[in-house]
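For clarity, every value in this text was computed on a predicted model and none was experimentally measured.
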Amino acid sequence: MNVHLHWFLPTGGDGRTLVDRHAYTDGGIKRDRITPVSGVRAPDIEYLAQIAKAAEQLGFEAVLTPTGTWCEDAWLTTVALAQHTERLKFLVAFRPGVISPVLAAQMAATYQRITRGRLLLNVVTGGDSTEQRRFGDHLDHDRRYARTAEFLSVVRGAWSGQPYDFDGEHYQVEGGLTALPPDPLPEIFFGGSSAAAGPVAAAHADVYLTWGEPPAQVKEKIDWIRGLAEEQGRTVRFGIRLHTISRDSSREAWATADRLLDDLDADTIAAAQQALGKSESVGQQRMLALHGGSREKLEIAPNLWAGVGLVRGGAGTALVGSHAEVADRIEEYHALGVEHFVLSGYPHLEEAYWFGEGVTPELARRGLLSTVPASPLLGASGAETRAPGPGPSAPAPGGAPLLVAGGR
């Protein structure tokens with residue numbers, strides 16, 4: 001089982017701090033025109049293309065694109081970015097409650113043909129009722145997961161190539177199908193920490209995705225989902241969603257984390273914690289419990305920092321350390337059964353390079369990657385090459401000398 005590395009597209013805006021990253025200062029609710037905030041990188045196609053191209057060049061397999069009010073639409077944004085890249089896949093997040101399952105199946109099939117098979121799907125059931133109601137969804141938490149189970153049944157049925165009938169509580173479909181099923185079928189990533197989420201993941205997910213909790217807690221989740229899947233005769237693979245701060249030395253990495261923390265005043269943290277505390281998401285509550293809203297003792301496990309979760313919803317932890325230390329932690333999660341690592345960092349362009357140039361080669365040396373990106377300076381034009389096995393490093397093609405430069 002190899003490691004699969006994925007990056008993140010900040011379609012709500014990007015920046016150098018954990019606060020005020022959005023391109024709209026108040027979310028656009030009261031403003032009558034869009035005015036970019038100073039120091040924040042708007043999620044225009046030019047900037048997002050820079051990140052996508054960097055991710056592809058650095059060897060990331062896919063990029064996760066979020067969903068929600070404060071993001072650009074993930075489907076439209078990524079299909080546009082597919083025209084700026086060649087191999088990069090797009091892990092498109094979407095909410096099943098706001099779209100017809102047969103239409104979603106058709107959209108996925110069209111996407112696969114347009115991009116030549118570069119779509120992955122991240123199904124987000126939703127843990128914030130206010131956000132759900134904004135899109136016209138008024139179901140409670142557990143009923144949303146029940147609906148997701150029906151939704152995914154219909155999607156897979158519509159992909160079968162034959163007319164598919166379904167009569168459920170939330171969907172009634174007669175003869176649903178896609179004229180041309182997607183080829184290949186997109187893998188379905190799915191997350192959820194509640195009792196209602198587990199059976200849905202076991203029955204329908206290809207990859208169960210968890211946020212970055214300490215290894216012992218992640219193992220408990222893996223054992224839980226694996227057991228539920230085995231009861232249904234299925235096998236589910238596992239992924240984890242983390243931020244990263246990787247540097248040439250541990251001291252540099254923690255200094256960067258400290259700088260991000262210094263930008264957060266007590267009022268900002270208190271306001272964010274109050275808002276996040278209202279979430280119905282069990283996963284979000286588990287993230288909040290890791291730090292309890294306090295700046296103290298944010299290293300909750302070796303090289304696992306909970307500072308992001310003080311002000312950010314969703315993934316609230318980061319791997320912080322030297323490139324070798326971050327690789328150690330990835331190897332530790334991998335040993336538990338985690339195969340997919342969906343990563344991000346602030347700003348996303350620069351952090352992609354820190355990770356891709358520092359940690360990725362380290363993982364390749366350990367035999368955890370089947371391929372690593374080749375340097376265009378070696379004449380490979382960005383193509384991937386087989387990772388070297390144990391033992392001395394492979395020489396440069398053509399006997400060219402390997403130049404060693406100083407750190408940056």
Main-chain N/O of Ser344 paired with Glu351 side-chain donor or acceptor, under 3.5 Å:
no
Between Tyr111 and Val79, the two heavy atoms sitting closest are OH-N, 3.6 Å
Is it the case that more than 12 heavy atoms not belonging to Arg113 sit under 6.0 Å from its CZ atom?
yes
Spatial distance of atom CG (Leu76) from atom OG1 (Thr65) [nearest 0.5 Å]
11.5 Å
Side chain of Ser160, backbone of Gly157: donor and acceptor closer than 3.5 Å?
yes
Could Asp328 and Arg366 be called an ion pair, given the rule that one side-chain N must be under 4.0 Å from one carboxylate O?
yes
Go through Arg95 and Gln132 one step at a time and tell me if the side-chain contact (heavy atoms from CB on, under 4.5 Å) criterion holds.
CA-CA 9 Å; Arg95 294 192 177 106; Gln132 295 298 126; 3.1 Å; yes
Ser250-Glu325 side chain donor-acceptor pair, cut-off 3.5 Å:
yes
Taking atom types as modelled, is there a side-chain donor on Thr125 or Arg147 under 3.5 Å from an acceptor on the other?
no
Distance col, row Thr11:OG1 vs Ile45:CD1, nearest 0.5 angstrom, shows 10.5 Å
Chi angles and distances behind the side-chain contact (heavy atoms from CB on, under 4.5 Å) call for Thr67, Trp75:
CA-CA 9 Å; Thr67 185; Trp75 292 92; over 6 Å; no
Side chains of Gln285 and Val282: closer than 4.5 Å at any heavy-atom pair?
no
Please enumerate all residues that pass side-chain hydrogen bond (donor to acceptor under 3.5 Å, both in side chains) together with Glu299, with sequence neighbours excluded.
none
Less than 4.5 Å apart, any side-chain heavy atom of Tyr333 and any of Leu304?
yes
If you round to the nearest 0.5 Å, how far is CG of Leu58 from CD1 of Ile51?
12.0 Å
Residues at least two apart in sequence or cross-chain that pass ring pair (Phe, Tyr, Trp, His ring centres under 6.0 Å) with His340, listed by chain then number, are His4, His6, Phe189
Salt bridge (charged side-chain N to carboxylate O under 4.0 Å, His left out) contacts in which one or both residues fall within residues 201-222, not counting sequence neighbours
Arg156-Asp206, Glu213-Lys221, Glu213-Arg286, Lys219-Asp223
Between Glu150 and His170 (side chain of the first, backbone of the second, donor and acceptor by atom type, cut-off under 3.5 Å), is there such a pair?
yes
Could you tell me if the side chain of Leu5 sits less than 4.5 Å from the side chain of Thr360, heavy atoms only?
yes
Within 6.0 angstrom of Arg116 CZ, more than 12 heavy atoms from elsewhere:
no
For Leu177 and Val102 the tightest heavy-atom approach is O-CG1, 4.1 Å
Is there any salt bridge (charged side-chain N to carboxylate O under 4.0 Å, His left out) pair reaching into residues 57-70, and which pairs are they, with sequence neighbours excluded?
Glu61-Lys89
Which heavy atom of Pro184 sits nearest a heavy atom of Gln112, and at what distance?
O-NE2, 2.8 Å
Leu9 side, atom CG; Leu64 side, atom CG - distance, nearest 0.5 Å
8.0 Å
By side-chain contact (heavy atoms from CB on, under 4.5 Å), Ile222 pairs with (sequence neighbours left out) Val218, Arg226, Phe238, Leu336, Val338
Excluding sequence neighbours, so at least two apart, what forms side-chain contact (heavy atoms from CB on, under 4.5 Å) with Asp183?
none
Once rounded to the nearest 0.5 Å, what's the spacing between atom CG of Leu48 and atom CG of Leu349?
10.5 Å
Minimum heavy-atom distance Ala108-Pro186, with the two atoms named:
CB-CG, 4.2 Å
Any idea which heavy atoms bring Asn303 and Gly321 closest together, and the distance?
ND2-CA, 4.0 Å
With a 4.0 Å cut-off on N to O distance, would you call Glu362 and Arg365 a salt bridge?
yes
Would you say that His291 contacts Gln273 through its side chain, given a criterion of any heavy-atom pair below 4.5 Å between the two side chains?
yes
So the ring pair (Phe, Tyr, Trp, His ring centres under 6.0 Å) pairs with at least one residue in residues 194-219 (sequence neighbours excluded) are none
Taking the side chain as C-beta and beyond, is there a heavy-atom pair between Leu81 and Leu88 under 4.5 Å?
no
Side-chain donor or acceptor of Trp159 paired with backbone N/O of Ala105 under 3.5 Å
yes
Kindly indicate whether the side chain of Glu169, heavy atoms from C-beta on, has any atom under 4.5 Å from the side chain of Arg143.
yes
Across all chains, not counting sequence neighbours, the side-chain hydrogen bond (donor to acceptor under 3.5 Å, both in side chains) partners of His323 are Ser246, Asp248
Side-chain touch Val200/Val123, heavy atoms, less than 4.5 angstrom:
no
Between Gln284 and Gly314 (side chain of the first, backbone of the second, donor and acceptor by atom type, cut-off under 3.5 Å), is there such a pair?
yes
Between His243 (side chain) and Ala315 (backbone), is there a donor-acceptor pair under 3.5 Å?
yes
With sequence neighbours left out, the residues meeting side-chain contact (heavy atoms from CB on, under 4.5 Å) with Asn2 are Ser370
Flag, side chain of Arg312 to backbone of Leu18, donor-acceptor distance under 3.5 Å:
yes
Check: Ser249 main-chain N/O paired with Glu252 side-chain donor or acceptor under 3.5 Å
yes
Report yes or no: does Asp14 contribute a side-chain atom to a donor-acceptor pair with the main-chain N or O of His348 at less than 3.5 Å?
yes
CD1/Ile269 to CG/Leu310 distance, rounded to the nearest 0.5 angstrom?
5.0 Å
For Tyr47 and Pro347, the nearest pair of non-hydrogen atoms, with its separation, is OH-CB, 4.3 Å
Could you work out, with ring pair (Phe, Tyr, Trp, His ring centres under 6.0 Å) as the rule, every residue matching Phe341, not counting sequence neighbours?
none
Taking the side chain as every heavy atom from C-beta outward, state whether Leu260 and Ile245 have any pair of such atoms under 4.5 Å apart.
yes
Counting only N and O atoms by type, is there a donor-acceptor contact under 3.5 Å from the side chain of Thr317 to the main-chain atoms of Gly212?
yes
Once side-chain contact (heavy atoms from CB on, under 4.5 Å) is applied, do any residues pair with Ala82, and if so which ones, sequence neighbours excluded?
Phe90, Thr115, Arg118
One thing to verify: whether Lys53 and Glu86 come together as a salt bridge, which I'm taking to mean a side-chain N less than 4.0 angstrom from a carboxylate O.
no
With Tyr164 via ring pair (Phe, Tyr, Trp, His ring centres under 6.0 Å) - residues at least two apart
none
Does atom CD (Gln106) have a neighbourhood of more than 12 heavy atoms from anything else shown, all under 6.0 Å?
no
